[in-house]
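Data first, discussion second: the structure below is written as structure tokens.
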Amino acid sequence: MYQLHIANKNYSSWSLRPWVLMTALEIPFTEQLTPFSAGAVQTAFKAFSPTAKVPCLADDKQVVWDSLAIIEYLAERHRGVWPEESAARTWARCASAEMHSSFTALRNQCAMSCGVRVVLPEISAALHAELARLDVLWTEGLTRFGGPFLAGNAFSAVDAFFAPVVFRIQTYNLPVSATVNSYCQHLLAQPAMQRWYTSALAETWREPAHEDEVTDNGKRVVVNDFRA
């Protein structure tokens with residue numbers, strides 16, 4: 001059985017991607033959670049990951065690191081990871097790669113923390129531009145392939161890649177269109193997303209650096225904290 005190494009569910013956006021995909025598609029795996037520790041280098045992660053980062057998938061003696069590589073590894077072995085239809089599959093791969101390599105303002109200015117709600121004092125020009133791009137991209141997928149998921153009627157890897165964005169939109173109450181908001185609500189209601197969120201709320205870990213990222217070292221107001 002696969003072993004999927006992840007970190008704290010409240011913070012680890014990269015871990016969420018393969019976890020939610022494997023859970024939604026009912027691909028059996030054993031979860032191995034190692035909490036983040038203080039400091040830039042996660043020494044404990046070196047025991048299972050060549051980059052000392054998560055996620056990392058172990059399949060017998062094969063080790064697969066990086067969320068995109070894990071998704072492609074699973075796609076070679078399981079149906080449903082990518083859409084069956086060629087145009088939808090091509091679009092889904094392009095959209096996932098775009099998420100994997102860009103949206104830096106969203107990542108840097110809106111660190112993932114599932115269990116809190118934060119008021120941003122302003123929306124920067126860079127973040128505003130990325131939210132606009134997100135609207136165009138999601139609307140394209142939902143329109144071309146009929147929804148309710150980004151590439152058709154079934155959850156696939158492209159939804160998993162944008163799952164952390166959905167949590168960020170919820171956490172920071174980001175200004176999005178009705179189309180984006182509707183998709184967010186649909187994804188948040190999925191059983192796999194609910195399982196992740198419930199576990200994230202139950203975590204008692206608090207890692208100072210991650211907490212500071214969320215509040216921008218106290219410059220932002222946390223209006224609700226639903227964690228244990």
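- Here the straight-line distance linking atom CG of Leu25 with atom CG of Leu74 works out to 9.0 Å at 0.5 Å rounding.
- Hydrophobic clustering (ILVMFWY, side-chain heavy atoms < 4.5 Å, transitive): Val54 and Leu57 are in distinct clusters.
- A pairwise comparison of heavy atoms in Ser12 and Trp196 identifies O-CZ2, 3.7 Å as the closest pair.
- In this structure, Arg195 places its CZ atom where only 12 or fewer heavy-atom neighbours from other residues, nucleotides or ligands lie under 6.0 Å away.
- Remark: the backbone N or O of Ala87 is paired with a side-chain donor or acceptor of Glu85 at under 3.5 angstrom.
- Side-chain contact between Leu120 and Arg220: present, with at least one pair of heavy atoms (C-beta onward) separated by less than 4.5 Å.
- Identified under the side chain to side chain donor-acceptor pair (under 3.5 Å) test for residues 52-63, with sequence neighbours left out: Asp59-Tyr73.
- A continuous path of hydrophobic side-chain contacts links Leu68 to Val20 [ILVMFWY only; heavy atoms under 4.5 Å].
- Ser49 places none of its side-chain heavy atoms less than 4.5 Å from the side chain of Gln42.
- Below 30°, between 30° and 60°, or above 60°: for His210 and Tyr11 the angle between ring planes is below 30°, a parallel geometry.
- Residues Leu188 and Met193 come closest through the heavy atom pair O-CB, 4.1 Å.
- Between the side chains of Ser37 and Glu207, no donor-acceptor pair is found at a separation under 3.5 Å.
- Within the 4.5 Å cutoff, side-chain heavy atoms of Leu127 are placed close to those of Leu174.
- Remark: the backbone N or O of Asn10 is not paired with any side-chain donor or acceptor of Asn8 at under 3.5 angstrom.
- Here the CD1-SG distance, from Ile123 to Cys110, works out to 6.5 Å after rounding to the nearest 0.5 Å.
- Side-chain atoms of Arg107 come within 3.5 Å of backbone N or O of Ser102 as a donor-acceptor pair.
- Between the side chain of Ser182 and the main chain of Ala178, no donor-acceptor pair closer than 3.5 Å is present.
- The closest side-chain heavy-atom distance from Val166 to Gln170 is not below 4.5 Å.
- No donor-acceptor distance shorter than 3.5 angstrom exists from the side chain of Gln3 to the backbone of Gln32, with no hydrogens or angles considered.
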Start with the C-alpha distance between Leu137 and Trp91, add both sets of side-chain angles, then the distance that settles side chain to side chain contact (heavy atoms under 4.5 Å, CB included), and finish with yes or no. CA-CA 10 Å; Leu137 187 63; Trp91 182 90; 3.9 Å; yes
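- Listed by first then second residue, pairs satisfying side chain to side chain donor-acceptor pair (under 3.5 Å) with a partner in residues 115-130 read Gln109-Ser124, Arg117-Tyr197, not counting sequence neighbours.
- Heavy atoms only, all atoms of each residue included: Phe145 and Ala151 are closest at CB-C, 3.6 Å.
- Residues Trp14 and Ile71 are members of separate hydrophobic clusters, defined by side-chain heavy-atom contacts under 4.5 angstrom among Ile, Leu, Val, Met, Phe, Trp and Tyr.
- When hydrophobic clusters are built by joining Ile, Leu, Val, Met, Phe, Trp and Tyr residues whose side-chain heavy atoms come closer than 4.5 Å, directly or via intermediates, Phe226 is grouped together with Val222.
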Check: residues 152-163 side-chain donor-acceptor pairs under 3.5 Å, at least two apart:
residue, atom, partner, partner atom, Å
Asp159, OD1, Leu150, N, 3.0
Asp159, OD1, Tyr183, OH, 2.6
Asp159, OD2, Ser156, N, 3.1

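- Applying the side chain to side chain donor-acceptor pair (under 3.5 Å) definition to pairs two or more places apart or across chains, those involving residues 19-30 are Trp19-Glu31.
- For Arg144, the salt bridge (charged side-chain N to carboxylate O under 4.0 Å, His left out) partners two or more places apart in sequence, or in a different chain, are Glu140.
- Atom-to-atom distance recorded for Thr34:OG1 and Lys46:NZ is 14.5 Å, nearest 0.5 angstrom.
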Walk me through it: do Arg168 and Phe103 pass the test side chain to side chain contact (heavy atoms under 4.5 Å, CB included)? CA-CA 12 Å; Arg168 284 176 162 103; Phe103 292 95; over 6 Å; no
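- No more than 12 heavy atoms of other residues, nucleotides or ligands sit less than 6.0 Å from atom CH2 of Trp65.
- Scanning both residues, Ala7 and Phe45, for their nearest heavy atoms gives CB-CZ, 3.9 Å.
- In this structure, the separation between CD on Glu211 and OG on Ser113 is 5.5 Å, given to the nearest 0.5 Å.
- Taking the side chain as every heavy atom from C-beta outward, Ser177 and Trp138 never approach each other to under 4.5 Å.
- Contact record, Cys114 with Ala200: CB-CB, 4.1 Å, taken as the closest heavy-atom pair.
- Val116 places a side-chain heavy atom less than 4.5 Å from the side chain of Arg227.
- Looking at residues two or more places apart in sequence or on another chain, you find a salt bridge (charged side-chain N to carboxylate O under 4.0 Å, His left out) between Arg93 and Glu72.
- The shortest side-chain heavy-atom distance between Leu142 and His186 does not fall under the 4.5 Å cut-off.
- Following chains of ILVMFWY side-chain contacts shorter than 4.5 Å, one cannot reach Phe36 starting from Met112, and the two form parts of different hydrophobic clusters.
- Rounded to the nearest 0.5 Å, atoms CG (Leu4) and CD1 (Ile70) are 6.0 Å apart.
- Judged by distance alone, with hydrogens and angles left aside, the side-chain atoms of Arg17 form no donor-acceptor pair with the main-chain N or O of Ser67 at under 3.5 Å.
- Residues Pro175 and Leu131 approach most closely at O-CD1, 3.9 Å, considering heavy atoms.
- Going from atom CG of Leu106 over to atom CE of Met99 covers 6.0 Å, rounded to the nearest 0.5 Å.
- Within a 6.0 Å radius of CZ in Arg77, more than 12 heavy atoms belonging to other residues, nucleotides or ligands are found.
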